[in-house]
Amino acid sequence: MRAFLYKFLGYGFILFVVLQGVSFLSLKFLERSVFYKPQFVKNAFPPTSFDYVVLGSSTGLTTLDTRLIDSITGKKGVNFSMDDTSMSSHYLMLHHLYACGHTTKTVVLALVPEDVSNATPQLSANDYRFLPHIREGYVKDYFSALDTDLFSVYTASRYVPLVGVSYFNTELFYPSLLAAVQPHKRNRFDAFGNYSYPEIQAQLPKVSGLQYKNPEVKNPYLEKIVQFCEEHSISLVLYQSPLYATRCEYPTSFSVVNHSDLISDKMLFYDRLHVNLKGRRLCSEIFARNFK
């Protein structure tokens, strides 16, 4: 029995070492690719001084087309928005941008009313995309501050990559195989970080009037972004994208480029929160004319 136990532990240890090595390589392949936005920030450009960058979740990603904005304004911008994220992720992305050697004159921050009002931020669904950079101090600190579980997948991944890669196997392991053979492959965004929903008719109900939202500014990570921009002499532009049949009214002291009720035609929406390709074109043109 003792011999069996020793053999079992020995083989188990060898298996652990092999899987740990595979997990390390998975994160390394992703880190050297441009597959997800954090790696795109690091590897798609040499250290660059941008005129502006767009940060946000899926609304920022699909509403503002930096190619079109650049063609109108003559500026140089990139969309670093990442779907299924929140204000805390935008702060981490901004920190990551500067840690990778980039700078920007302006940050265009796309808002979501519920996120602005969230006084107790948590980790976002797609924050795992920063795991290839978990050994960076600012990434580790971010996860430590927000991942309060007794067993932290994110913090443990700093020392045992197998934990994160196995937990997020579909999102990390399989993309890492693609990144190993196609390091220039991007995950649903173009060479300047843009993505649009298809030009289809949204199945939205007819409404007789506008719904009003009055977001309260409570998210502490918004204040962190403001502070970071002040410390690095960055101009911060807050942007509210169109919402179907909804008008957001922010506090008067909170200066926002408010396109919440810019579009009333449901043919320009993909769903209640996102515009489609036609809607993106309209929003980008109007934004660019003011931004110019």
Pi-cation contact, F50 with K105 (under 6.0 Å, within 45°):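 No, K105 and F50 do not form such a contact.
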State, yes or no, whether a side-chain contact exists between [X] and [Y] at a heavy-atom distance under 4.5 Å.
X    : Y    : value
I286 : L262 : yes
H95  : V139 : no
V112 : T59  : yes

Distance in Å, L68 CG paired with R280 CZ, rounded so as to fall on 0.5 Å steps: 8.0 Å
Between [X] and [Y], do the side chains contain an N or O donor and an N or O acceptor separated by less than 3.5 Å?
X    : Y    : value
E249 : Y212 : no
Y142 : D127 : yes
H259 : Y239 : yes
S89  : S124 : yes
S260 : N258 : yes
Q227 : E223 : no
E136 : H96  : no

Closest non-hydrogen atom pair, G101 against P47: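 So the minimum-distance heavy-atom pair works out to O-CB, 3.5 Å.
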Taking the six-membered ring for Trp and the single ring otherwise, decide whether the centroids of [X] and [Y] are under 6.0 Å apart.
X    : Y    : value
Y52  : F291 : yes
F45  : F40  : yes
H232 : F228 : yes

Evaluation steps, ring-ring contact (aromatic ring centres under 6.0 Å, His included), between H274 and F269: CA-CA 6 Å; H274 305 91; F269 281 93; 9.6 Å; no
Other residues, nucleotides, ligands: >12 heavy atoms within 6.0 Å of Y138 OH: yes
More than 12 heavy atoms from other groups under 6.0 Å of CD on E285: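 Yes.
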Worked check of side-chain contact (heavy atoms from CB on, under 4.5 Å) between V237 and V107: CA-CA 6 Å; V237 176; V107 166; over 6 Å; no
